Each structure stands twice: as C-alpha cells, then as structure tokens.
Amino acid sequence: MATFQSLPGFRDFYPDDLSRRNYIFRLWRQTASAFGFSEYDAPVLEPLDLYKAKSGDEIEAQLFSFTDKGGREVALRPEMTPTVCRLVGAKANALKRPIKWFSIAEFYRYERMQKGRGRCFNQLNADIFGEPGPEAELELLALLVQSLCSFGLTSEDFYVRLSDRNLWFFYLEALGLDEARIRGVLGAVDRYEKYGEDAFKGYTEQYGALDPELKAKVIGFLQIKSLAALEETLATMTDDKITARLADWRSLLGSLDAMGLSQFIQVDFGVVRGLAYYTGFVFEAFDRKGELRAIAGGGRYDDLVAKLGGPDLPAVGFAIGDMTFALLLEQRGLMPAMVQTVDVYCVIGGPAERTAAFAAIQSLRASGFRVEYPLKDVAFGKQFKAASEAGARLALIYGSDELAKGVVKLRDMNDRSEREVPIAEIVSAVRDTLSG
RNA sequence: GCGGCCAUAGCUCAGUUGGUUAGAGCACUUGAUUGUGAUUCAAGGGGUCGCGGGUUCGAGUCCCGUUGGCCGCCCCA
C-alpha cells in the first residue's frame with residue numbers, strides 16, 4: 001500500500017480511464033465545433049470575489065479557497081460561468097455576435113462525494129452571448145441533445161425538461177406576490193417533486209401559509225407539461241409580457257420540432273433550477289429511467305455579465321458534467337473499452353535484424369504510423385502474440401532469411417496473409433495496405 | 001456539516017468460537033517454445049490484513065479512535 005493516496009473526491013486517470021475520458025472529450029469537441037462554437041480556456045484559479053459576486057458569501061463553504069502568498073483571496077474554479085462572463089465582458093465590443101463559445105475543463109467543489117459527484121470533475125460548457133431571443137436557446141438545446149446523441153444515446157435514454165423562470169415570475173406577479181415571496185414559492189416548486197406538500201414548509205415559516213387558492217394555482221402551474229396546457233392556464237391573462245413570452249415558447253418549440261428534436265424535449269414547469277440568477281428559459285437533461293442525477297443543466301442569465309462588471313449582454317448556456325454522463329454511458333453499454341491500436345508491430349529475429357529494423361521503424365513513425373516493436377529479443381511466438389494483443393493490423397517481419405534477400409515480410413494480422421516487400425518500399429507498402 | 005454500511009495482493013473475494021509461516025481466481029513476469037497469434041501446463045514476483053491505540057499468553061478476527069471508500073441528508077453553480 002502506497003504511503004500517499006489522492007485527496008478525497010479526486011480521481012486518478014490510469015491509461016484506460018483516460019482513454020475513456022478522451023473519448024468523451026473528443027466527441028464533445030467535435031460536436032460543439034460542428035455547431036459553430038469556438039473553444040476557449042481560462043485559469044483554474046480565480047479571485048474568490050468572482051464567485052461571491054455571483055452566488056453570495058455562502059458559496060465559499062463549497063469552494064477550494066485559500067489566501068495566496070501575495071495575500072489574495074483565491075479559489076479553484078467551481079464552474080465556468082463567471083469566468084466566461086469575465087472573458088466575454090472584457091472584450092464584448094470587439095467580439096462578433098452572436099458569441100458562441102465552448103470549453104471542456106476541470107472544476108473543483110469542496111463537497112461530500114456521492115454517486116455521480118466528486119470534488120473534481122469535468123464539464124462541457126457552451127454559451128451564447130448577445131442573442132436575446134429564443135434562437136439562442138434553440139442552438140444550445142440542439143447542441144445539448146446532439147452532444148449526448150453523438151455517443152449513441154437516443155430519446156429512449158434521456159430527455160430534456162424545459163421550463164421558464166420568466167413565465168413563473170410573470171404568473172406569480174399577476175397573482176399578486178412580491179419578488180421575495182416569488183423566490184420563496186420557486187424554492188418550494190423546486191422541491192415539490194421530491195417532498196410534495198412539505199416543500200412549502202420553508203415558505204410557510206418565512207412568510208406564513210400560502211393562501212390555499214393561490215397554492216392550488218402554484219401546484220397546477222408546476223404540473224404543466226405541454227404548450228397547450230400552458231396556453232390554457234394563461235388564456236385569461238392579457239399581460240403583454242405574458243403574451244410576448246408565449247410567442248417565444250411557440251417559436252422555440254416550433255423550431256425544435258422542425259429540427260426533429262421534439263422527442264427529446266419535455267415541457268415541465270416543475271423545473272425552476274436552484275440558483276437565482278437564471279432569468280428565462282431553464283432546462284435540465286435526465287436519464288429516462290430516473291436513476292441518475294441530472295446529466296446537464298442550463299438556462300438564460302441575461303443579468304450576469306453586467307453584474308460581474310461587464311456590459312449589458314444577454315446570455316444562455318449549459319453544462320454537461322462528465323461523471324453522471326459516464327455512468328449513463330456505462331449503464332447503456334456505450335462506453336468503449338480502451339482500444340490501444342497499433343498500425344504496425346515489428347517482429348525482430350535477433351540483434352542483427354534489430355539494427356536493420358530501426359531505420360524502417362523510424363521512417364514509419366515519422367510518417368505518422370503507430371509502430372511498436374519489442375525492446376528486448378524474445379521468441380517469435382511471443383512477438384506475434386504481443387502484436388495481436390496490441391491490436392496491430394500489420395506485422396513487419398525482420399528475419400535473417402528475409403534480410404538475406406533484401407526484403408521484409410508484411411503480414412496482415414486480420415487475414416494472416418503474408419507477402420515480401422523490398423526494404424526500400426516499406427513505407428509505401430504499409431501506406432497502401434492500411435489505406436486499402 | 002449530519003447519518004448508515006464498509007476497509008485482507010493491481011482487481012474480485014475466502015480466511016473456522018481469537019491459535020503455527022495469511023489463501024484462491026483473474027491480472028502481471030518468466031519458462032515449456034531457436035520462425036508465426038490459440039489452448040494448456042509449470043514457476044515466480046506482489047500483502048507490516050487502511051492507520052494508531054487497547055484487551056489477550058496470542059488479534060486479519062474483539063473494543064476504541066482515526067483516515068479513506070460507498071450510499072443517503074444538506075447543497076447542487
């Protein structure tokens with residue numbers, strides 16, 4: 001047993017772990033690029049105040065934070081949103097709109113571990129700045145769905161619950177609640193699915209029991225699961241804000257339908273998301289079986305860039321965490337085993353053949369082929385076994401008989417056929433065989 | 001921050017009411033095999049039984065503490 005181990009909640013990535021992580025990152029990156037998003041990155045360490053400004057002082061308990069040697073209060077980033085707001089805010093006037101950015105990065109939170117949650121994890125973050133209309137939500141929802149579908153997941157495996165904090169606000173306002181009470185009610189709505197009636201306990205303690213008629217309306221609203229139900233509930237309301245908002249909903253759902261994504265989207269006003277900075281559409285992706293934590297979450301946060309010192313800039317974004325996502329892929333058998341593929345395995349007869357092989361090994365590698373060979377002289381049988389286990393497609397056989405004729409043998413490991421190739425033509429022969 | 005369960009080899013796990021030198025399978029290394037991928041067989045390396053203390057003639061086993069893990073609560077950006 002080693003004397004040192006990794007810190008609680010942190011993960012080591014041995015080669016086969018890392019190959020799985022790389023697989024996920026590669027498809028995320030490909031997908032985000034296909035949707036026209038540009039990749040960025042930023043420091044892991046940020047000023048503590050960046051997070052306090054966004055989320056309040058309580059956030060510090062859940063951060064890896066400390067005072068650096070220059071006396072600065074700093075924290076490891078627990079999320080990307082404040083950072084990307086800082087980046088975009090600083091150059092907002094110079095950036096072409098819409099600003100579509102993504103990143104794949106590691107985050108740190110000082111929390112107790114649970115299934116699908118550790119103290120360090122990776123996320124794909126994607127955000128659009130500068131577009132106030134639902135066209136931005138459309139892009140992000142489409143990207144979110146495709147970021148999961150790229151791995152072979154389907155609408156049988158996951159879905160995205162779509163809700164709207166604006167409409168909640170407008171509705172509760174129209175029912176006569178002030179802002180503080182609205183936030184209290186939204187807190188209860190957030191918990192309702194889990195605790196039922198008890199979800200309103202906190203509200204009752206703070207503001208007194210909610211009027212029964214009002215409470216019934218709240219519960220009715222959080223049970224809305226379709227645009228039709230939404231329109232029906234709001235039919236008697238003539239408020240301009242509500243009318244305009246319903247138009248946004250029709251536009252967004254219509255466009256999602258045109259993209260063929262309807263089967264992934266579930267209107268669900270039971271989702272409000274905990275944090276208060278969301279200002280419009282909010283959404284969360286879940287596995288259909290409901291066994292795992294949320295796979296992804298996001299929404300609109302039009303006030304945040306300005307709140308962090310930048311210009312007024314509308315924004316929408318989402319994040320997919322790697323831990324729950326990896327659990328889902330494993331559950332569905334969609335996580336590939338590590339495939340360490342080798343193009344060419346060089347089988348070497350002895351010391352003299354080894355020296356003769358080095359030139360070809362070097363040229364093949366310089367040409368970009370993945371080439372392996374045994375570092376020590378071992379029996380032929382072992383070498384072929386090693387070639388097979390390494391997943392080599394070709395074996396290049398350097399034996400004394402072949403070298404005497406000025407050739408090497410090229411063996412196709414799949415169909416076991418062999419042919420002789422002049423030493424000068426090895427690279428082109430390998431290239432032809434592998435591409436053919 | 002709170003609660004439940006757990007900790008023996010790289011992995012999955014045995015280990016008798018407390019009793020000699022702590023075991024198996026898989027994995028790894030080597031050999032049988034001096035020119036062809038399988039199977040098989042043989043051998044080998046690897047553990048101060050998470051750590052610390054206590055009870056005892058004697059502790060992997062019982063007790064206390066601690067650290068770590070899994071799960072749940074809080075929280076979930």
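Below, chains carry the letters A, B, ... as their sequence lines are ordered, and counting in each starts from 1. Just so it is clear, the structure is predicted and the values come from calculations on it, not from any experiment.
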What integer distance in Å separates [X]:[atom1] from [N]:[atom2]?
| X | N | atom1 | atom2 | answer |
| --- | --- | --- | --- | --- |
| A:K385 | B:U33 | NZ | P | 15 Å |
| A:Y14 | B:C11 | OH | P | 9 Å |
| A:D127 | B:A77 | CG | P | 14 Å |
| A:I397 | B:U34 | CD1 | P | 17 Å |
| A:E58 | B:G1 | CD | P | 18 Å |
| A:L394 | B:G37 | CG | C1' | 14 Å |
| A:M113 | B:U67 | CE | C1' | 12 Å |
| A:I348 | B:U34 | CD1 | P | 18 Å |

Expressed in whole Å, how much space separates the [atom1] atoms belonging to [N] and [M]?
| N | M | atom1 | value |
| --- | --- | --- | --- |
| B:G52 | B:U16 | P | 23 Å |
| B:U29 | B:G19 | C1' | 36 Å |
| B:G50 | B:U56 | C1' | 23 Å |
| B:G15 | B:A7 | P | 12 Å |
| B:G65 | B:C26 | P | 41 Å |
| B:C5 | B:U17 | P | 23 Å |
| B:G23 | B:G60 | C1' | 12 Å |
| B:C49 | B:A32 | C1' | 36 Å |

Contact under 4.0 Å: [X] side-chain N or O vs [N] OP1/OP2:
| X | N | value |
| --- | --- | --- |
| A:R191 | B:C75 | yes |
| A:K194 | B:C73 | yes |
| A:R273 | B:A77 | yes |

Looking at [N], which nucleotide sits across from it as a Watson-Crick or G-U wobble partner, both distances under 3.5 angstrom, or is there none?
| N | result |
| --- | --- |
| B:G47 | none |
| B:A7 | B:U67 |
| B:G31 | B:C41 |
| B:G1 | B:C73 |
| B:A24 | B:U12 |
| B:C57 | B:G19 |

Regarding [X], tell me which of base, sugar-phosphate or nothing describes its non-hydrogen contacts under 4.0 Å with the strands shown.
| X | value |
| --- | --- |
| A:P78 | base |
| A:G299 | nothing |
| A:E402 | base |
| A:Q383 | nothing |
| A:M413 | base |

Does atom [atom1] ([X]) have a neighbourhood of more than 12 heavy atoms from anything else shown, all under 6.0 Å?
| X | atom1 | result |
| --- | --- | --- |
| A:K241 | NZ | yes |
| A:D68 | CG | yes |
| A:Y23 | OH | yes |

What do you reckon, are the aromatic ring centroids of A:F25 and A:F13 less than 6.0 Å apart? no
Just compare [options] and give me whichever is closest to any side-chain atom of [X].
| X | options | result |
| --- | --- | --- |
| A:K54 | B:A77, B:G35, B:G3 | B:A77 |
| A:D401 | B:G35, B:G31, B:C2 | B:G35 |
| A:K382 | B:C73, B:G31, B:A77 | B:G31 |
| A:R112 | B:A77, B:G37, B:C73 | B:C73 |
| A:R109 | B:U36, B:A77, B:G37 | B:A77 |
| A:L63 | B:U36, B:A77, B:C71 | B:A77 |
| A:F384 | B:C75, B:G35, B:G37 | B:G37 |

May I ask you to decide whether [X] forms a salt bridge with [Y], counting only side-chain N to carboxylate O separations under 4.0 Å?
| X | Y | result |
| --- | --- | --- |
| A:D322 | A:R21 | no |
| A:R288 | A:E156 | no |
| A:D41 | A:R77 | yes |
| A:D287 | A:K289 | no |

I'd like to know if [X] reaches the base of [N] with its side chain, counting only an N/O donor and acceptor under 3.5 Å.
| X | N | result |
| --- | --- | --- |
| A:R293 | B:C76 | yes |
| A:R117 | B:C75 | yes |
| A:E418 | B:U36 | yes |
| A:R411 | B:G37 | yes |

So which of A:F286, A:F264, A:F325 actually passes ring-ring contact (aromatic ring centres under 6.0 Å, His included) with A:F158?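 Result: among A:F286, A:F264, A:F325, A:F264 is the only option passing the ring-ring contact (aromatic ring centres under 6.0 Å, His included) with A:F158.
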